[in-house]
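Note: hydrogens, waters and symmetry copies are ignored here, and every other heavy atom, side chains too, is used. For clarity, every value in this text was computed on a predicted model and none was experimentally measured.
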Amino acid sequence: NSNENNQSITLAEYYFRNNNYPFAAAILKKIIEVDFSNSKANELLAYVESNQGNHELAHQLLMLFLYTSDAADEGL
């Protein structure tokens with residue numbers, strides 16, 4: 001559900017800020033498996049992948065973030 005996803009994203013953000021990219025990525029990928037259009041999860045996963053040197057994948061994820069329905073409401 002949405003509340004669980006928000007809690008998971010908060011945890012992923014914590015791991016991201018502490019440079020624990022594999023844990024952050026694992027959490028975000030689980031969210032995306034259930035909710036493919038979750039813009040926050042896609043955006044954060046893009047930053048995780050970029051920081052791990054996976055720039056092409058990061059670009060693809062950011063493009064997905066831009067085209068998800070709620071991304072326009074988020075603002076960049």
Distance from [X] atom [atom1] to [Y] atom [atom2], nearest 0.5 Å?
X: Leu28; Y: Asn5; atom1: CG; atom2: CG; value: 10.0 Å
X: Lys40; Y: Glu43; atom1: NZ; atom2: CD; value: 9.5 Å
X: Asp35; Y: Asn38; atom1: CG; atom2: CG; value: 4.5 Å
X: Ile9; Y: Ile31; atom1: CD1; atom2: CD1; value: 4.5 Å
X: Leu61; Y: Ser39; atom1: CG; atom2: OG; value: 12.5 Å

Show which side-chain atoms of residues 10-26 pair as donor or acceptor with protein atoms under 3.5 Å away, not counting sequence neighbours.
unit_1 : atom_1 : unit_2 : atom_2 : d
Thr10  : OG1    : Asn6   : O      : 2.9
Asn18  : ND2    : Tyr14  : O      : 2.8
Asn19  : OD1    : Tyr21  : OH     : 2.8
Tyr21  : OH     : Asn51  : ND2    : 3.3

Exercise. With a 4.5 Å heavy-atom cut-off, do His55 and His59 have their side chains touching?
Worked result: no
Exercise. Who are the side chain to side chain contact (heavy atoms under 4.5 Å, CB included) partners of Ile32, not counting sequence neighbours?
Worked result: Phe36, Ala41, Asn42, Leu45
Seminar exercise, completed: Residues pairing under side-chain hydrogen bond (donor to acceptor under 3.5 Å, both in side chains) where one sits in residues 23-34, two or more places apart or in two chains, turn out to be none
For this session: Considering non-hydrogen atoms only, spot the tightest contact between Ala46 and Leu62 and give its length.
Result: CB-CG, 3.6 Å
